[in-house]
Protein chains: 2
Amino acid sequence: MSSSLFLKISEKLFFKFGYRRVTIKDICEGASLSKMTFYRYFKNKEEVAKIVLKNIIDESNKKFESIMESDNLFINKIENLILLNESLIDRIGSDFLNDIISLKANIFKSLIDKQSIYEERKIEEYFKKAQKAGELNKKTPISFFIYMLKDIQEKLQDEKLKRLYSNEKDLMKDLTNYYFFGIAPKNKEM
Amino acid sequence: MSSSLFLKISEKLFFKFGYRRVTIKDICEGASLSKMTFYRYFKNKEEVAKIVLKNIIDESNKKFESIMESDNLFINKIENLILLNESLIDRIGSDFLNDIISLKANIFKSLIDKQSIYEERKIEEYFKKAQKAGELNKKTPISFFIYMLKDIQEKLQDEKLKRLYSNEKDLMKDLTNYYFFGIAPKNKEM
DNA sequence: TAATATTGTTACTATATTTGTAATATTTAA
DNA sequence: TTAAATATTACAAATATAGTAACAATATTA
């Protein structure tokens with residue numbers, strides 16, 4: 001099917017070069033198909049980008065749910081969550097997101113905002129569950145855990161911290177341990 | 001100095017996105033300077049790209065010479081040469097070179113061709129020296145060694161081969177050993 | 001400090017690229 | 001073989017980019 005080929009190529013180009021640097025011509029040449037064929041399936045570049053974005057959001061939500069619904073320890077879920085986030089950033093690259101967010105038409109912005117809100121709600125939901133199950137301190141407000149989780153994720157990008165480790169995965173392990181054993185109600189085995 | 005900032009930003013953008021996807025506007029915004037200031041220092045984008053290309057060529061030639069003039073064993077020189085080549089490809093990326101080679105105006109092409117010829121001559125020169133010093137089989141024509149060196153460098157990009165190794169450096173070591181002990185006049189110590 | 005050189009900005013036109021479409025051709029499948 | 005689906009070419013309209021003129025600010029030096 002031509003339309004899925006267009007999507008595949010578009011995604012590849014968008015993630016590599018960002019949105020504005022990729023033209024419809026580039027996408028068509030990448031797919032070895034004509035422009036008119038492109039317009040048979042899509043209204044314009046914006047529509048393709050919206051689908052690409054939607055796909056990646058759906059995909060990441062599925063992964064998110066499957067991590068949180070697994071029967072791992074809570075600490076492992078958090079670790080997998082951070083890993084998921086990292087690999088997403090790696091794959092999408094910053095240019096695509098920066099480009100579409102800074103467009104006048106804020107169709108993308110609203111999509112992303114919607115996703116952020118959805119994700120935050122889901123995280124809150126799962127943290128509440130964990131709190132009920134005694135996996136988190138019951139007296140601390142959930143919003144604190146979430147605030148600190150974001151803080152930890154930012155620290156994973158911190159150049160100074162990265163330089164302390166030869167391996168980024170080790171930094172992640174230490175950060176997750178730091179995060180979890182600071183919020184755990186009692187000490188469990190490593 | 002503004003001009004070196006322009007060059008620095010240009011290089012960064014060219015290596016990341018290629019030549020055609022980068023506009024003078026991008027370069028100016030990256031350097032936080034106006035377009036007119038750009039035109040004070042450079043005639044156009046082509047000129048900047050030429051300088052960027054020239055700089056990288058000069059730099060790589062210096063490194064090449066310093067490797068070949070070092071007093072390492074010949075096998076280590078070859079290994080360093082392959083390493084140098086690989087890190088260059090990594091840094092420049094394929095988009096920049098592809099873009100400027102496929103331009104109508106073949107100013108870039110001639111620069112690159114010139115460099116290839118220069119490099120080939122230099123390699124020939126150093127291989128002849130090594131042959132004289134008994135580090136290479138005297139009966140084999142130099143062109144054979146060079147042909148095989150290129151073959152080895154291509155194999156380093158071979159996806160099938162890469163898949164056999166978890167670490168790319170290990171593949172390189174094996175390939176270099178393979179190359180060298182195939183052409184050595186007698187077995188030396190590992 | 002006044003004159004001059006240097007570096008920078010804004011605002012604009014010319015040019016080039018990209019978009020999106022109409023008219024037309026080719027392929028597929030019943 | 002004919003109709004429907006799919007693709008191509010060639011082009012006008014919209015948009016983005018390149019390059020410049022006229023002017024402003026800042027630094028240099030006599």
Side-chain angles (χ1 to χ4, degrees), chain A residues 1-54 94-109, chain B residues 1-54 95-109 111:
Chain A
M1 196 70 174
S2 296
S3 73
S4 67
L5 177 61
F6 277 125
L7 281 174
K8 204 182 117 192
I9 302 289
S10 301
E11 186 184 285
K12 196 181 108 188
L13 291 172
F14 285 152
F15 290 176
K16 183 165 183 196
F17 298 114
Y19 179 74
R20 72 194 170 88
R21 281 179 223 269
V22 174
T23 67
I24 291 173
K25 203 180 158 204
D26 288 331
I27 295 168
C28 295
E29 279 172 7
S32 306
L33 291 167
S34 79
K35 223 184 340 160
M36 206 55 230
T37 309
F38 174 90
Y39 283 107
R40 175 147 291 110
Y41 295 107
F42 307 100
K43 208 174 132 240
N44 48 32
K45 195 171 79 168
E46 197 177 283
E47 194 187 62
V48 189
K50 249 189 278 180
I51 297 173
V52 166
L53 184 61
K54 190 75 173 42
S94 51
D95 295 303
F96 181 56
L97 289 178
N98 284 343
D99 280 2
I100 62 178
I101 285 170
S102 59
L103 282 177
K104 299 118 210 158
N106 55 1
I107 307 150
F108 292 103
K109 200 176 173 332
Chain B
M1 195 69 175
S2 296
S3 74
S4 66
L5 177 60
F6 277 125
L7 282 174
K8 203 182 117 193
I9 302 288
S10 301
E11 187 184 286
K12 196 181 109 188
L13 291 173
F14 284 152
F15 290 176
K16 183 164 182 196
F17 299 114
Y19 178 74
R20 72 194 170 88
R21 280 180 223 270
V22 174
T23 67
I24 292 174
K25 204 182 159 205
D26 288 331
I27 296 168
C28 295
E29 279 172 7
S32 304
L33 291 167
S34 79
K35 220 171 358 146
M36 204 57 229
T37 309
F38 175 91
Y39 283 107
R40 177 148 290 111
Y41 295 106
F42 308 99
K43 207 174 134 241
N44 47 33
K45 195 171 80 168
E46 198 178 281
E47 195 186 62
V48 189
K50 248 190 280 180
I51 297 173
V52 166
L53 184 61
K54 190 76 173 41
D95 295 304
F96 180 57
L97 289 177
N98 284 344
D99 279 3
I100 62 178
I101 284 170
S102 59
L103 282 178
K104 299 117 212 163
N106 55 0
I107 307 150
F108 292 103
K109 200 177 173 332
L111 238 172

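Sequence lines set the chain letters: A, B, ... in the order given, protein chains first and strands last, and positions in each chain run from 1. Heavy-atom basis, side chains included; hydrogens, waters and symmetry copies ignored.
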How close do B/Lys45 and B/Tyr19 get, heavy atom to heavy atom, and via which atoms?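 Looking at all heavy atoms of both residues, the shortest contact is NZ-O, 3.1 Å.
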
Using every non-hydrogen atom in the two residues, find where A/Ser10 and A/Val52 come nearest and quote the distance to one decimal.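 Looking at all heavy atoms of both residues, the shortest contact is CB-CG2, 4.3 Å.
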
When you measure from the side-chain N and O atoms of B/Thr37 to the phosphate of C/dT9, is any distance below 4.0 Å, counting only OP1 and OP2?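 Result: yes.
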
Over 60° means perpendicular and under 30° means parallel, so classify the ring planes of A/Tyr41 and A/Phe6, tilted if in between.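 Tilted: the ring planes of A/Phe6 and A/Tyr41 meet at 30° to 60°.
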
Does A/Asn44 reach the side chain of A/Glu47, with side-chain heavy atoms less than 4.5 Å apart?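 A/Asn44 vs A/Glu47: side chains touch.
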
Tell whether A/Arg40 reaches the base of D/dA7 with its side chain through a donor-acceptor pair below 3.5 angstrom.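 Check passes, donor-acceptor contact within cut-off.
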
Euclidean distance, atom [atom1] of residue [X] to atom [atom2] of [N] [Å, nearest integer]:
| X | N | atom1 | atom2 | result |
| --- | --- | --- | --- | --- |
| A/Leu33 | D/dT9 | CG | C1' | 15 Å |
| A/Leu5 | D/dA7 | CG | P | 10 Å |
| A/Arg21 | D/dA16 | CZ | C1' | 14 Å |
| B/Glu47 | D/dA18 | CD | C1' | 15 Å |

Pairs under 3.5 angstrom only: tabulate donor-acceptor contacts from the side chains of residues 26-35 of chain A to other protein residues two or more places apart or in another chain.
| residue | atom | partner | partner atom | Å |
| --- | --- | --- | --- | --- |
| A/Asp26 | OD1 | B/Arg20 | NH1 | 3.1 |
| A/Asp26 | OD1 | B/Arg20 | NH2 | 3.1 |
| A/Asp26 | OD2 | A/Thr23 | N | 3.1 |
| A/Asp26 | OD2 | A/Thr23 | OG1 | 3.2 |
| A/Asp26 | OD2 | B/Arg21 | NH1 | 2.9 |
| A/Ser34 | OG | A/Thr37 | N | 3.3 |
| A/Ser34 | OG | A/Thr37 | OG1 | 2.9 |

With both distances under 3.5 angstrom, what nucleotide forms a Watson-Crick or G-U wobble pair with D/dA30?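 Paired with C/dT1.
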
Side chain to side chain contact (heavy atoms under 4.5 Å, CB included) between A/Leu5 and A/Ile9, intermediate numbers included: CA-CA 6 Å; A/Leu5 177 61; A/Ile9 302 289; 4.1 Å; yes

What is the per-nucleotide protein-contact pattern of nucleotides 12-28 of chain C, from the 5' end, where B denotes a base atom under 4.0 Å from a protein heavy atom, S denotes such proximity for sugar-phosphate atoms only, and - denotes neither? ------SBBBB------

